[in-house]
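Notes follow the structure.
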There are 2 protein chains.
Amino acid sequence: MILLDYRDKRPLYEQVVEKLEHLIVCGVLKPDSKMPSVRALAMELSINPNTIQRAYALLEQAGFLYTIVGRGNFVAPEESWQGGKQSALKEELSKAFENALSAGMDRDSIIALLDNVRQKLEEEAANDSNK
Amino acid sequence: MILLDYRDKRPLYEQVVEKLEHLIVCGVLKPDSKMPSVRALAMELSINPNTIQRAYALLEQAGFLYTIVGRGNFVAPEESWQGGKQSALKEELSKAFENALSAGMDRDSIIALLDNVRQKLEEEAANDSNK
DNA sequence: TAAGTGTATTAATTCTCTTAATACACTCCA
DNA sequence: TGGAGTGTATTAAGAGAATTAATACACTTA
């Protein structure tokens, strides 16, 4: 189902969270479908069940999964995680705006910076598709 | 010159940075005046010179000090640290923009959020002055 | 009730951060 | 010119947090 990278310096549970989140967002894992049990997935990846448990707990907290004790973990419907993602991003943006504005940066230069980043991302996207 | 708090869970070098930065920003330490040597300040605080060295290095990186090897550390002029604060803010903004854009948020809604925050800040400012 | 599931607690381990010990290199001035 | 003062670099010791593992518990269902 997923593959771990032991050269990656990040903790295992974080890798698991990231990959499963990706599979859910991309629709590979459908809402209400059953996730592998903590033990099964742990076995498959040759790691401890608690590590999967931790990943599942985080995913549940973020709204990507829901749990029924004794039955298993299931993929949550889109509504439950779309909101969370959006508000996390907005939170991050708001905080940055607040800091910038109260330090005296003005609206125009903030927007200029935004367009800067947009252009950079577009260029990167163009490069990637040219490979 | 400064006083350490051993109940504070933060590292010593961070406390030193914070207190010295404060003394510089508030003008207690004047531009181009000489800072105590790493050994002298270490002795005064009964800690290792390397800890002061680390604090001084961070302060230099942030533009609060400049160093002349063999002579000592000196307080930097205002211009050199005001700029650093700006670029830290831009860095924060850029990161937030990158996340928002790659998650599909569009330019207009980002700007809308910005104006939202601006309005909120203005209202707060108005309230404060009415007190 | 047995097999499969999630959960809780505790401990071992690993790792990073912080601090210290020590040796090196530069500047200045008597 | 050499000694006292300065910053710098390298390495290692120590402490603490984060990660992972071991194990026992509790719930659900067939």
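Naming convention: chains lettered A, B, ... in sequence-line order (proteins, then strands); numbering from 1 in each chain.
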Is there a side-chain contact between [X] and the phosphate of [N], meaning an N or O under 4.0 Å from OP1 or OP2?
X       : N      : answer
A/Thr51 : D/dT19 : no
A/Gln53 : C/dT7  : yes
A/Arg54 : D/dT19 : yes
A/Tyr13 : D/dT20 : no

Rounding to a whole Å, what distance do you find between [X]:[atom1] and [N]:[atom2]?
X       : N      : atom1 : atom2 : answer
A/Met35 : C/dG4  : CE    : C1'   : 17 Å
B/Leu12 : C/dC17 : CG    : P     : 16 Å
A/Ile52 : D/dA22 : CD1   : P     : 14 Å
B/Leu58 : C/dT18 : CG    : C1'   : 13 Å
A/Asn48 : D/dA21 : CG    : P     : 5 Å
A/Arg10 : C/dT16 : CZ    : C1'   : 17 Å
B/Arg39 : C/dT27 : CZ    : C1'   : 13 Å
B/Tyr66 : D/dG7  : OH    : P     : 13 Å

Donor-acceptor pair between A/Asn99 and B/Glu92 side chains, under 3.5 angstrom: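 A donor-acceptor contact under 3.5 Å links the two side chains.
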A/Asp106 versus A/Ser109, side-chain donor and acceptor atoms under 3.5 Å: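 Note: A/Ser109 and A/Asp106 side chains meet the donor-acceptor criterion.
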A/Glu44 side chain vs A/Met1 backbone, donor-acceptor pair below 3.5 Å: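 A pair under 3.5 Å: yes.
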Closest contact, heavy atoms only, A/Ala76 versus A/Ser80: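 Looks like CB-OG, 3.2 Å.
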First of B/Ile47 and A/Ala40 reached from the 5' end of DNA chain C, by closest nucleotide: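 Closer to the 5' end of DNA chain C: A/Ala40.
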Atom NZ of A/Lys34: over 12 foreign heavy atoms under 6.0 Å: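 Counting other residues, nucleotides and ligands, NZ of A/Lys34 exceeds 12 neighbours.
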Atom pairs and distances, side-chain donor-acceptor, residues 113-120 of chain B, under 3.5 Å, sequence neighbours left out:
from, atom 1, to, atom 2, distance (Å)
B/Asp115, OD1, A/Arg107, NE, 2.7
B/Asp115, OD1, B/Arg118, NH1, 3.1
B/Asp115, OD2, A/Arg107, NH2, 3.0
B/Lys120, NZ, A/Glu98, OE1, 3.3

Residue of the set B/Tyr66, B/Phe64, B/Tyr56 for which ring-ring contact (aromatic ring centres under 6.0 Å, His included) holds with B/Phe74: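 For B/Phe74, the ring-ring contact (aromatic ring centres under 6.0 Å, His included) check succeeds only for B/Tyr66.
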Residue pair A/Met35 / A/Leu20, side-chain heavy-atom distance below 4.5 Å: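 Sidechains of A/Leu20 and A/Met35: in contact.
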Minimum-distance nucleotide (side-chain atoms of B/Asn73 versus C/dT7, C/dT18, D/dG7):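 Minimum distance to the B/Asn73 side chain belongs to D/dG7.
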Distance in Å, A/Leu58 CG paired with A/Glu21 CD, rounded so as to fall on 0.5 Å steps: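 If I round to the nearest 0.5 Å, the distance is 10.5 Å.
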Please write out the pairs of protein N or O atoms and N or O atoms of nucleotides 1-5 of chain D separated by less than 3.5 Å, giving the distance to one decimal.
from, atom 1, to, atom 2, distance (Å)
D/dG5, N2, B/Gly70, O, 3.4

Write down the protein N/O and nucleotide N/O pairs, taken from nucleotides 10-16 of chain D, whose separation is under 3.5 Å; answer none if there are no such pairs.
none

